[in-house]
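Below: one structure, written as structure tokens.
Residue numbering restarts at 1 for every chain, and letters A, B, ... go by the order of the sequence lines. Predicted, not measured: the structure shown is a model, and the values here were computed from it.
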There are 2 protein chains.
Amino acid sequence: MEQLTTPASAGRPRDETVGQRALAAAREVFAQRGWFGTSYDEVAKRAGVGKSSLYLRWPTKADLVIAAVTPATEFAAANTGTVRGDLIELGEALLAAHWSGEGVATLRFAAESPHVQELRDAASKVAHSDTLQLVRRIVRRGITRGELPAGCSPALINDMLAGALMSHAIAALAPRTAASRAKSTAYVQLLVDAVIAGASAQG
Amino acid sequence: MEQLTTPASAGRPRDETVGQRALAAAREVFAQRGWFGTSYDEVAKRAGVGKSSLYLRWPTKADLVIAAVTPATEFAAANTGTVRGDLIELGEALLAAHWSGEGVATLRFAAESPHVQELRDAASKVAHSDTLQLVRRIVRRGITRGELPAGCSPALINDMLAGALMSHAIAALAPRTAASRAKSTAYVQLLVDAVIAGASAQG
């Protein structure tokens, strides 16, 4: 652990924290209140930072919201050796993200961005299809190993997995006990088995 | 066509129209702007009705929003004779509802209601699980006919069908040409085949 102690760089790690706190607060405000309910004032208050430092980093509200909904969760590119193992890992991560509130911000962005000019203009900056990219990689490896037919569609597999988990996360509450966590794990496994069977029939 | 011409009842059909116009406008405003962006003023303006007639029908903003997001589309309980035919009909109807803007209002309600006290209090009034009820009926008939294994889960089938279509509707634009309509129909059929294969493997 090398430490930088020159005065010029001493402030930087602190600045990094300000940015992260601000984005977490902006994600929370946007998830709870949406575009019209989100303000620099409220984000600055919840993050405990000055409004001017928000304006410096994100000159417009659209910049701030876009940065806030850009996935903070980097889904690990699971490589367990089987399609089933990879999709279960991805599914668990997606469900956890939905229940963390990050998923609500994403849902809301999907609902609002077509109707808000500023968001629509900037929306192309958001790395939307992260999940689809991961599913593509998982499916490609599965086809190479002969686990999936060459003709199956990664987009359909992604819709069935990610869409079903969205629907499940909306209908079910985040698990709070060991029993409900086990139930949630069992759900993901059941879903992945069904998705694989569905994809295999596509050949 | 019998016409009622007594003065007392002559106004009623017109009132009915006011209510429908108001709900359509409220659904549109809520879909575009969410809870914080929805006001009686804006709804009255878009519907071309007086604010007082809105307050008479829906005394609180929560009442108005809840009435607006209660599904206007009554999904016909398809009974084509096969699980495949029934799920394709339901899938087409769900996709059309998503693209009509009604789906956006529902998405937004799912995202906002956990965070807005007034909506949370009244949310139990919304008939959420209409789709699940229909899927339950379709699955029950499929099991009776021997098309599906007795152990398959209607909730999982509903998540895979309705969730995938939600994910698809968010990623893809509503079709505007005959070619893109054909592509959308082909997508629903491919999805339903995959969902049935997945459900059949559950046995």
Side-chain angles (χ1 to χ4, degrees), chain A residues 28-39 98 101 103-116 128-129 131-132 151-153 155-174 187 190-203, chain B residues 28-39 98 101 103-116 128-129 131-132 151-153 155-174 187 190-203:
Chain A
E28 189 183 274
V29 174
F30 180 70
Q32 291 173 2
R33 308 187 161 195
W35 174 257
F36 289 95
T38 298
S39 66
H98 271 300
V104 174
T106 312
L107 252 188
R108 203 187 255 283
F109 188 81
E112 300 202 352
S113 55
H115 300 297
V116 177
H128 257 315
S129 309
T131 318
L132 179 55
C152 69
S153 154
L156 188 75
I157 292 172
N158 180 57
D159 284 343
M160 282 200 288
L161 182 74
L165 291 171
M166 203 193 309
S167 167
H168 182 70
I170 290 171
L173 292 171
Y187 175 87
L190 200 67
L191 171 63
V192 166
D193 286 335
V195 167
I196 291 175
S200 302
Q202 276 186 265
Chain B
E28 190 183 273
V29 174
F30 180 70
Q32 291 172 3
R33 310 187 159 196
W35 174 257
F36 289 95
T38 299
S39 66
H98 272 299
V104 175
T106 312
L107 252 189
R108 206 186 252 285
F109 188 81
E112 300 202 352
S113 55
H115 300 297
V116 177
H128 258 313
S129 309
T131 318
L132 179 56
C152 70
S153 153
L156 189 74
I157 292 172
N158 179 56
D159 284 343
M160 282 200 288
L161 182 74
L165 291 171
M166 201 194 308
S167 168
H168 182 69
I170 289 172
L173 291 171
Y187 176 86
L190 200 67
L191 172 63
V192 165
D193 286 336
V195 167
I196 292 176
S200 302
Q202 276 186 266

Practice task
Using non-hydrogen atoms and a 4.5 Å limit, figure out which bit of A/M160 sits close to chain B: side chain, backbone, both or neither.
Solution key: both

Handout entry: Heavy-atom pair with the smallest gap, counting every atom of A/A197 and B/G198
Key = CB-CA, 4.0 Å

Problem - Distance (rounded to the nearest 0.5 Å) between A/W35 CH2 and B/Q32 CD - result: 15.0 Å

Handout entry: Side-chain heavy-atom pair A/Y187, B/L156 within 4.5 angstrom cut-off
Key = yes

Handout entry: Interface moiety of A/L190 toward chain B, non-hydrogen atoms closer than 4.5 Å
Key = both

